[in-house]
Participant: 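I have a structure I would like to understand better, so I am pasting it below and will then ask my questions one at a time.
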2 protein chains.
Amino acid sequence: MAQHDPHSFVHMNCGGCPIRHRAVCARCDATELTTLEQMKYYRSYQAGQTVVWSGDRMDFVASVVSGIATLTQTMEDGRRQMVGLLLPSDFVGRPGRAIAPYDVTATTDLVMCCFRKKPFEDMMEKTPHVAHRLLEMTLDELDAAREWMLLLGRKTAREKIASLLSIIARRDASLRLEQTSGQIVFDLPLTREEMADYLGLTLETVSRQISALRKEGVIGLEGKRHVIVPDFDRLSEETGDDSDGGFLN
Amino acid sequence: MAQHDPHSFVHMNCGGCPIRHRAVCARCDATELTTLEQMKYYRSYQAGQTVVWSGDRMDFVASVVSGIATLTQTMEDGRRQMVGLLLPSDFVGRPGRAIAPYDVTATTDLVMCCFRKKPFEDMMEKTPHVAHRLLEMTLDELDAAREWMLLLGRKTAREKIASLLSIIARRDASLRLEQTSGQIVFDLPLTREEMADYLGLTLETVSRQISALRKEGVIGLEGKRHVIVPDFDRLSEETGDDSDGGFLN
DNA sequence: CGACGACTTTGATCTGCGTCAAGGCCGCTG
DNA sequence: CAGCGGCCTTGACGCAGATCAAAGTCGTCG
């Protein structure tokens, strides 16, 4: 989804930390690269652990190395809405704001590459390319949020499920286990409840709609309930989105 | 809502174009200011006119001078969801992307201050403060979008209406007509249908809920239906949000 | 001023999804 | 291996909000 123009940031080191792919600029000089390298540190979380609570001080920014994290907002009476889904290489945290406006939670075991905020901000001042890249990433996220708003406000339960499966299958290649004869098999990393929080539904409705899609042969479930084999074309017909199913920007 | 840190961009000229308030940095030098001044031009639209169609090429970025514009997404069968509401001084357009991903429509008579995209991007390269400020604005919008997602996914019709009225009353001081004895009187610039598109409801439900709030004395309508006198405290109790009603970041 | 059109209100009815409840599957632990 | 806890499925029922329909308000233009 994220587009890279020829002058954008590049993948510097395949084996390394993804922050290099996302926040390090090809045009930065060696000193800047070294500064970034020295600043970074790693943190691990277990599935289910909370990374930051809404309202808490957040003194770092970070990039997901492996695993999945969610951003959620909770109302006083416990109603929850997921507002962000972070897959490997996604960025969390907001330069220039101290307080986290939502909970960040690890839904699987999670490793993040962190930078203390102050030094990171100082570096941004000196390295305009980083700010530029961050702007690009934030705009991508904003577009995704708006797509999500259409889903929440106007789609039916069935369309919501189909959209979610399409989005995940499209977005995270790392979840694709096999690709034989055009079929995409992937491990769905969310529980029914997490899907419900993503879609603004209850977990029962999610379950029912998934069963319905399975009975109709649009998707298939394998063994442990989380492995899904969608009939990709039929699935994207169900999303309610424009036919081609892709973003053509 | 937008916070200005001491080093942020400042209001340079009360009578002038709001792009100066938003995108011009106090620390920029005279040459940069002059460049910006020379680049800008104005466009006017009538209420109801479309500024850009989704999928069209958008070769400028702009700042709203006066009036109100909306960003909306439309599904093939006509279901519509508003995904952005632009009030004076808000910014539209995405440096680095050619195609508009949603319709931009003037809901009132509208004046925008525009910059052709290419020169604006070139200036961003040379003037890091502008990119920095733009990042800050985009992050604010992202936060607003996430708040909006909670509204769409989890709030009841009544809570949605109360939230919308609070948001508008809080956000746009220019709509406040009088403030006597703590009462805020403001002109609501949206039709029932536009509110419905904002909230993910039908216009009938919007109308019914507004009638209900009025009968209960939470809000009042004056003469032409668009002038509303909310009992602000009671209104914010209805939003479902945390009690204080404000963002305390 | 009358008629038209844009917008709003209100009522009657329908339905998709939420709620409540029971039971199934599976892995873990004693 | 029995019992337990987490997660998922399925059924029965109810309700918030959608849909369909009709009538009211108000500005405007001949």
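Numbered from 1 within each chain, the chains take letters A, B, ... in sequence-line order. From a predicted model like this one, the values you see are computed outputs, not experimental measurements. The basis for the numbers below is simple: all heavy atoms, side chains too, and nothing from hydrogens, waters or symmetry mates.
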Participant: Only counting residues at least two apart or in another chain, list the ones meeting salt bridge (charged side-chain N to carboxylate O under 4.0 Å, His left out) with B/Arg79.
Facilitator: A/Glu159, B/Asp77
Participant: Tell me: CG of B/Leu190 to C1' of C/dT8, nearest whole Å?
Facilitator: 15 Å
Participant: What's the CD-C1' distance between B/Glu194 and C/dC7, to the nearest Å?
Facilitator: 11 Å
Participant: Nearest whole angstrom, please: distance from the C1' of D/dA18 to the CZ of B/Arg80.
Facilitator: 18 Å
Participant: Once side-chain hydrogen bond (donor to acceptor under 3.5 Å, both in side chains) is applied, do any residues pair with B/Tyr102, and if so which ones, sequence neighbours excluded?
Facilitator: A/Asp143, A/Arg146
Participant: Any side-chain heavy atom of B/Asp231 within less than 4.5 Å of one from B/Ile219?
Facilitator: no
Participant: For A/Ser166, which residues count as a side-chain hydrogen bond (donor to acceptor under 3.5 Å, both in side chains) partner, sequence neighbours excluded?
Facilitator: none
Participant: Determine which bases of DNA chain C form Watson-Crick or G-U wobble pairs with both distances under 3.5 Å, and write the result as a 5' to 3' dot-bracket string with | for other-strand partners.
Facilitator: ||||||||||||||||||||||||||||||
Participant: Tell me which residues in residues 195-204 of chain A lie within less than 4.0 Å of DNA chain C, going by non-hydrogen atoms.
Facilitator: A/Gly200, A/Leu201, A/Thr202, A/Glu204
Participant: Please check: side-chain N/O of A/Thr108 versus main-chain N/O of A/Ile68, any donor-acceptor pairing under 3.5 Å?
Facilitator: yes
Participant: Would a 4.5 Å heavy-atom cut-off, applied to side chains only, mark A/Leu71 and A/Met82 as touching?
Facilitator: no
Participant: Which of residues 205-215 of chain A sit near DNA chain D, with a heavy atom under 4.0 Å from it?
Facilitator: A/Ser207, A/Arg208, A/Ser211
Participant: How many whole angstroms separate atom CD of B/Glu193 from atom P of C/dT8?
Facilitator: 9 Å
Participant: Testing the basics here: between A/Ser54 and A/Pro101, what is the closest heavy-atom pair and its distance to 0.1 Å?
Facilitator: OG-O, 3.7 Å
Participant: Please work out which residues in residues 148-159 of chain B have a non-hydrogen atom less than 4.0 Å from an atom of DNA chain D and list them by number.
Facilitator: B/Thr156, B/Ala157
Participant: Scan residues 47-88 of chain B for pairs that pass ring pair (Phe, Tyr, Trp, His ring centres under 6.0 Å), counting only residues two or more places apart or in two chains.
Facilitator: none
Participant: Any salt bridge (charged side-chain N to carboxylate O under 4.0 Å, His left out) involving residues 196-213 of chain B? Give me the pairs, sequence neighbours left out, ordered by first then second residue.
Facilitator: A/Arg154-B/Asp197, B/Arg80-B/Asp197
Participant: How many Å lie between CZ on A/Arg192 and P on C/dC25, as a whole number?
Facilitator: 15 Å
Participant: Which residues pass the side-chain hydrogen bond (donor to acceptor under 3.5 Å, both in side chains) test with A/Lys117, sequence neighbours left out?
Facilitator: none
Participant: Under the side-chain hydrogen bond (donor to acceptor under 3.5 Å, both in side chains) criterion, do B/Thr239 and B/Ser236 qualify, and how do the steps go?
Facilitator: CA-CA 5 Å; B/Thr239 60; B/Ser236 31; over 6 Å; no
Participant: Would you list the pairs meeting ring pair (Phe, Tyr, Trp, His ring centres under 6.0 Å) in which at least one residue belongs to residues 139-168 of chain B, sequence neighbours left out?
Facilitator: B/Trp148-B/Tyr198
Participant: With sequence neighbours excluded, tell me which residues meet side-chain hydrogen bond (donor to acceptor under 3.5 Å, both in side chains) with B/Glu238.
Facilitator: B/Arg158
